[in-house]
Amino acid sequence: MTAIAPAWMHEQITAAEYDAWSEEQCAGIEIVDGMVVVSPSASKRHNRLARILANALDAAAGPDWNADTDFDVRLQDVPLTNRRPDVVVYRADTIDLTPTRPEHVLMVVEVVSPGSETTDRIVKVDQYAKAGIAFYWRIEQAANGVPLIYTYILDPATGAYRTGDMFTGTVEVSAPFPVKIDLGKI
């Protein structure tokens, strides 16, 4: 039996076409330059890290900001680029706006998984910076179980991220708001 991939996996799709898809069709994919990128399911460790971070960031953010997981951020309409960061901190007053756009987002967090290293370390950093998202955190899952957290801050003059602090296991920062997150050994 030979499986034939649907046409939408071989052709650029537009924002209007994507917006017509159901939530079920959009789950587990990202759109990069109009092309569908299928993402395998994340590991339990990956999901746990994302959930712990989202809960801590949501609690620290106060009433003006929300932190959530697993939804699209529309980086650009033409060609369509939707990314699905592991954690997104966004303005609370935009909770019902769809799609979520970079101007609604304060920070994105990506938890690096096997197979996503280059995308999370290089490609997404550039895309989020070009979109104007102020803060980017990248979480590396170390062999000893203690996550490494790399932080980046957007330099508005250059439109690129500059390297912030690096943390091991516990994050304690004051920007964009005071937060202490103990990831310990996950």
* Asked: side-chain contact (heavy atoms from CB on, under 4.5 Å) between Asp77 and Tyr18: does it pass, once the steps are laid out?
  -> CA-CA 10 Å; Asp77 287 314; Tyr18 183 78; over 6 Å; no
In terms of hydrophobic clustering (I, L, V, M, F, W, Y; side-chain heavy atoms under 4.5 Å; direct or indirect links), are [X] and [Y] co-clustered?
{"X": "Val38", "Y": "Trp21", "result": "yes"}
{"X": "Tyr136", "Y": "Val179", "result": "no"}
{"X": "Val87", "Y": "Val105", "result": "no"}
{"X": "Trp137", "Y": "Ile52", "result": "yes"}
{"X": "Met107", "Y": "Ile153", "result": "yes"}

* To do: May I have the step-by-step check of side-chain contact (heavy atoms from CB on, under 4.5 Å) for Val88 and Asp68, ending in yes or no?
  => CA-CA 6 Å; Val88 181; Asp68 282 310; 5.9 Å; no
Considering non-hydrogen atoms only, spot the tightest contact between [X] and [Y] and give its length.
{"X": "Ala129", "Y": "Gly159", "result": "CB-O, 3.6 Å"}
{"X": "Pro79", "Y": "Gln12", "result": "CB-NE2, 3.9 Å"}
{"X": "Pro178", "Y": "Ala60", "result": "O-CB, 3.5 Å"}
{"X": "His104", "Y": "Pro99", "result": "CE1-O, 3.9 Å"}
{"X": "Pro147", "Y": "Leu49", "result": "CG-CD2, 3.6 Å"}
{"X": "Gln141", "Y": "Ser113", "result": "NE2-OG, 4.2 Å"}

Tell me, do [X] and [Y] make a side-chain contact under 4.5 Å, heavy atoms counted?
{"X": "Asp120", "Y": "Tyr150", "value": "no"}
{"X": "Thr100", "Y": "Asp72", "value": "no"}
{"X": "Asp126", "Y": "Lys130", "value": "yes"}
{"X": "Asp19", "Y": "Thr98", "value": "no"}
{"X": "Gln76", "Y": "Pro102", "value": "no"}
{"X": "Arg74", "Y": "Leu80", "value": "yes"}
{"X": "Leu53", "Y": "Thr69", "value": "no"}
{"X": "Pro85", "Y": "Tyr128", "value": "yes"}

* Asked: Are Arg91 and Asp64 within salt-bridge range, i.e. N to O under 4.0 Å?
  ->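 So Arg91 does not pair with Asp64 through a salt bridge.
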* Salt-bridge present (Arg83, Glu30; N to O < 4.0 Å) ->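 A salt bridge is present here (some side-chain N lies under 4.0 Å from a carboxylate O).
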* Asked: Checking side-chain contact (heavy atoms from CB on, under 4.5 Å) for the pair Phe135/Leu106: CA distance, chi angles, key distance, verdict?
  -> CA-CA 6 Å; Phe135 298 91; Leu106 176 66; 3.9 Å; yes
Strictly distance-based, threshold 3.5 Å: is any side-chain N or O of [X] a donor or acceptor partner for the main-chain N or O of [Y]?
{"X": "Thr81", "Y": "Val32", "answer": "no"}
{"X": "Asp58", "Y": "Ala67", "answer": "yes"}
{"X": "Ser116", "Y": "Thr119", "answer": "no"}
{"X": "Thr94", "Y": "Leu97", "answer": "no"}
{"X": "Asp86", "Y": "Val111", "answer": "yes"}
{"X": "Glu117", "Y": "Val112", "answer": "no"}

* To do: Name all residues meeting the side-chain contact (heavy atoms from CB on, under 4.5 Å) criterion together with Glu17; count only those two or more places apart in sequence or in a different chain, and write none if there are none.
  =>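 Once residues adjacent in sequence are excluded, the partners of Glu17 under the side-chain contact (heavy atoms from CB on, under 4.5 Å) criterion are Ile13, Thr14.
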What is the distance from atom [atom1] of [X] to atom [atom2] of [Y], rounded to the nearest 0.5 Å?
{"X": "Tyr161", "Y": "Asp155", "atom1": "OH", "atom2": "CG", "result": "11.5 Å"}
{"X": "Asn47", "Y": "Ser41", "atom1": "CG", "atom2": "OG", "result": "8.5 Å"}
{"X": "Gln127", "Y": "Ile122", "atom1": "CD", "atom2": "CD1", "result": "12.0 Å"}
{"X": "Lys124", "Y": "Arg138", "atom1": "NZ", "atom2": "CZ", "result": "12.0 Å"}
{"X": "Met35", "Y": "Ile29", "atom1": "CE", "atom2": "CD1", "result": "11.5 Å"}
{"X": "Ile139", "Y": "Glu110", "atom1": "CD1", "atom2": "CD", "result": "10.0 Å"}

* Let me see the working for Ile181 and Leu57 under side-chain contact (heavy atoms from CB on, under 4.5 Å), right down to the final yes or no. => CA-CA 8 Å; Ile181 305 168; Leu57 290 167; 4.1 Å; yes
* Close aromatic pair by centroid cut-off 6.0 Å: Phe71 and Tyr90 -> yes
